[in-house]
Amino acid sequence: MKTYLVTGGCGFIGSNFIHHLFNTYGDSIRVINVDKLTYAGNPENLQDIEDRPNYTFVKADICDKEAIRKVFRENTVDYVVHFAAESHVDRSILEPELFVKTNVLGTANMLNCAKEAWSLPDGPDPLGNYREGVKFLHVSTDEVYGSLPEDPNAYFYETTPYAPHSPYSASKASSDFLVKAYMDTYHFPANITNCSNNYGPYQFPEKLIPLMINNALNGRKLPVYGDGKNVRDWLYVEDHCRAIDLVLHKAKLFETYNIGGHNEKQNIEIVRTIIEVLREELPVTDPRRAQITEDLITYVEDRKGHDRRYAISPDKIGRDLGWKPETMFKDGIRKTITWYFDHQEWMEHITNGNYMKYYETMYAKRLAKSSK
Ligand code: NAD
Ligand code: TYD
């Protein structure tokens, strides 16, 4: 029975990945979820699996040496799937040091603890010998590559030089370099994946898609940064989870893979689609339906250092591992909107605490300026 140590499993992609693992492997695996439960970590995301005998939750900070060592000491971990991170660009602009601490130092600690637990005393490789079959999968982002020109033929490849712009992407780039350094220096058994923007259930409403859905359902304005023409390459989260599973089980050690859906959209297109689908899905008797119109769209001051375009070439993962996205955007966005619509209590629970304070800090000035 293989044991998966998932970090950040109470967040958006981590919780989708844990669901994916149990849906795919059922009782034949063990999952240990290490999460600090920051504002982005929500145990409700895993309520349906928390009583499984083959699931354990450990509330811990990935920067805490003793806590992480203890997890490795008390369990025979086969795989680490490392999601835990501070993940929101706008927050990184306000509080960059937290991103360095969690994303860089936290990853360094995870690497050290895994290396210590998996190292064998001696063997043929002078650089490092590890227990058979173990692997560390570092989950990263396409934002490490910086920004692409609007030329539709320009893509991020695994060989594209890193050129991060935001404190978030700089901290993720640093964490990727640490993993690369461990692979090169100690032959540490790892892979890195760099994925484009994900969307789907359980995403915290600070990110574009759930924020716009939640605002529209609450009659709030829809704050579009700059001219709304920045491009992101959207991937349904389950497709990302399948890709991670494949890389974990099938990829050669030391390889890195770009993951993306060839699904580039301008932000304004996404916002318009959300309005359109919400109007189709809301019953005619729902009073909110009439209010959800393009009049809610409000162009606000741009994000500082806003990357213009991201677009991934997923050719390598397609060629090597046979992965391709399965969810078309038009289906994925409808499933996503329906999910948020059906889980309004989930949304209320995560937005009734500090969330409105965050929203005020991030948007009040921007929205006030835009109406002048
Ligand atoms: P998220 O913000 O939704 O979740 C992050 C999780 O990590 C939360 O559960 C949080 O409690 C936990 N966490 C944060 N700091 C921690 C710490 N110090 N110790 C332990 N746990 C901690 O993030 P997400 O969107 O699910 O992203 C997961 C990973 O995937 C991140 O590494 C991110 O960089 C990467 N990624 C995200 C996207 C995307 O579109 N969301 C795309 C590509 C890559
Ligand atoms: P986001 O979901 O924060 O992801 P990332 O910045 O990591 O790509 O933002 C996606 C795009 O949407 C990005 O170009 C910024 C833009 N955006 C808005 O226009 N308004 C908003 O309120 C938010 C959160 C994002």
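Whatever order the structure lists them in is the order used to number ligands and atoms, beginning at 1. Since the structure is predicted, the reported quantities are computational estimates derived from the model, not experimental observations. For this chain, numbers begin at 1 and follow the sequence in order.
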Any Tyr168 heavy atom less than 4.0 Å to ligand 1:
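A heavy atom of Tyr168 does come that close to ligand 1.
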Looking at [X], which atoms of ligand 2 are within less than 4.0 Å of one of its heavy atoms?
| X | result |
| --- | --- |
| Arg303 | 3 (O), 5 (P), 6 (O), 9 (O), 13 (C), 15 (C) |
| Val89 | 6 (O), 7 (O) |
| Tyr363 | 21 (C), 22 (O), 23 (C), 24 (C) |
| His88 | 3 (O) |
| Glu143 | 5 (P), 7 (O), 8 (O) |
| His306 | 13 (C), 14 (O), 15 (C) |

Below 30° counts as parallel, above 60° as perpendicular, anything between as tilted: where do the rings of [X] and [Y] land?
| X | Y | value |
| --- | --- | --- |
| His249 | Tyr4 | perpendicular |
| His20 | Tyr25 | perpendicular |
| His343 | Trp339 | parallel |

Examine the side chains of [X] and [Y] and answer whether a donor and an acceptor come within less than 3.5 Å of each other.
| X | Y | result |
| --- | --- | --- |
| Asp320 | Tyr257 | yes |
| Asn215 | Tyr359 | yes |
| Ser171 | Ser174 | no |
| His138 | Ser175 | yes |
| Tyr299 | Asp227 | no |
| Arg30 | Asn75 | yes |

Below 3.5 Å, N or O to N or O, backbone or side chain included: is there any such pair between [X] and ligand 1?
| X | answer |
| --- | --- |
| Glu206 | no |
| Asn197 | no |
| Ser140 | no |
| Lys36 | yes |
| Gly11 | yes |
| Asn42 | no |

Any salt bridge between Glu86 and Lys101, counting N to O under 4.0 Å?
no
Using 4.0 Å as the upper bound for N to carboxylate O, is an ion pair formed by Asp245 and Lys250?
no
Ligand 2 contacted by Met362 (non-hydrogen, < 4.0 Å):
no
Find out if a path of hydrophobic residues (ILVMFWY) with successive side-chain heavy-atom gaps under 4.5 Å connects Leu253 to Ile244.
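Hydrophobic grouping puts Leu253 apart from Ile244.
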Among protein heavy atoms, which sits nearest to [atom], and what does the distance come to when rounded to 0.1 Å?
| atom | value |
| --- | --- |
| atom 10 (C) of ligand 1 | Thr38 OG1, 3.3 Å |
| atom 38 (C) of ligand 1 | Ile13 CD1, 3.6 Å |
| atom 40 (O) of ligand 1 | Asn198 N, 2.9 Å |
| atom 43 (C) of ligand 1 | Cys195 O, 3.3 Å |
| atom 3 (O) of ligand 1 | Phe12 N, 3.0 Å |
| atom 31 (C) of ligand 1 | Phe83 O, 3.1 Å |
| atom 12 (O) of ligand 2 | Asn267 ND2, 3.4 Å |
| atom 19 (N) of ligand 1 | Ile62 N, 2.9 Å |
| atom 9 (O) of ligand 1 | Asp35 OD2, 2.5 Å |

Short list, please: which atoms of ligand 1 are under 4.0 Å from a heavy atom of [X]?
| X | value |
| --- | --- |
| Ser196 | 42 (C), 43 (C) |
| Lys172 | 31 (C), 32 (O), 33 (C), 34 (O) |
| Ser87 | 1 (P), 2 (O), 23 (O) |
| Ala60 | 19 (N), 20 (C) |
| Asp61 | 17 (C), 18 (N), 19 (N) |
| Val139 | 30 (O), 32 (O) |

Do [X] and ligand 2 have an N or O pair less than 3.5 Å apart?
| X | answer |
| --- | --- |
| Glu206 | no |
| Tyr310 | no |
| Leu211 | no |
| Lys207 | no |
| Val224 | no |

Kindly confirm or rule out a cation-pi arrangement of Arg91 over Tyr358, judged by NZ or CZ under 6.0 Å from the six-membered ring centre and within 45° of its axis?
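Geometry flag: set, cation within 6.0 Å and 45°.
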Just checking, Lys115 and Tyr186: is the charged tip under 6.0 Å from the six-membered ring centre and within 45° of the axis?
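Yes, a cation-pi geometry holds between Lys115 and Tyr186.
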Would you check if the distance from the ring center of [X] to the ring center of [Y] is below 6.0 Å?
| X | Y | value |
| --- | --- | --- |
| Tyr155 | His262 | yes |
| Tyr202 | His19 | yes |
| Phe12 | Phe204 | no |

Name of the residue among Tyr157, Tyr310, Tyr162 meeting ring pair (Phe, Tyr, Trp, His ring centres under 6.0 Å) with Tyr145:
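It is Tyr162; the other options fail the test.
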For Phe329, run the ring pair (Phe, Tyr, Trp, His ring centres under 6.0 Å) check against Trp234, Tyr236, Tyr199 and tell me which one passes.
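Among the candidates, only Tyr199 passes.
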With a heavy-atom distance limit of 4.0 Å, tell me whether Leu37 approaches ligand 1 through its side chain, its backbone, both, or neither.
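The answer is the backbone of Leu37.
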Which part of His82 is near ligand 1, with near meaning a heavy atom under 4.0 Å away: side chain, backbone, both or neither?
neither
Mind checking whether Asn197 contacts ligand 2 via backbone (N, CA, C, O), side chain (CB onward), both or neither, at a 4.0 Å heavy-atom cut-off?
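Just the side chain.
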Between Val300 and ligand 2, find which residue part has any heavy-atom pair under 4.0 Å and reply side chain, backbone, both or neither.
neither
Run the side-chain contact (heavy atoms from CB on, under 4.5 Å) test on Ile32 and Thr3 for me, step by step, so that the C-alpha distance in whole Å, both residues' side-chain angles and the decisive distance to 0.1 Å come before the verdict.
CA-CA 7 Å; Ile32 303 163; Thr3 297; 3.7 Å; yes
Passing candidate, salt bridge (charged side-chain N to carboxylate O under 4.0 Å, His left out) with Glu264, options Lys229, Arg309, Arg232
Arg309
Minimum non-hydrogen distance to atom 19 (O) of ligand 2, winning option of Tyr225, Tyr168, Tyr359:
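Checking each option, the heavy atom nearest atom 19 (O) of ligand 2 is found in Tyr225.
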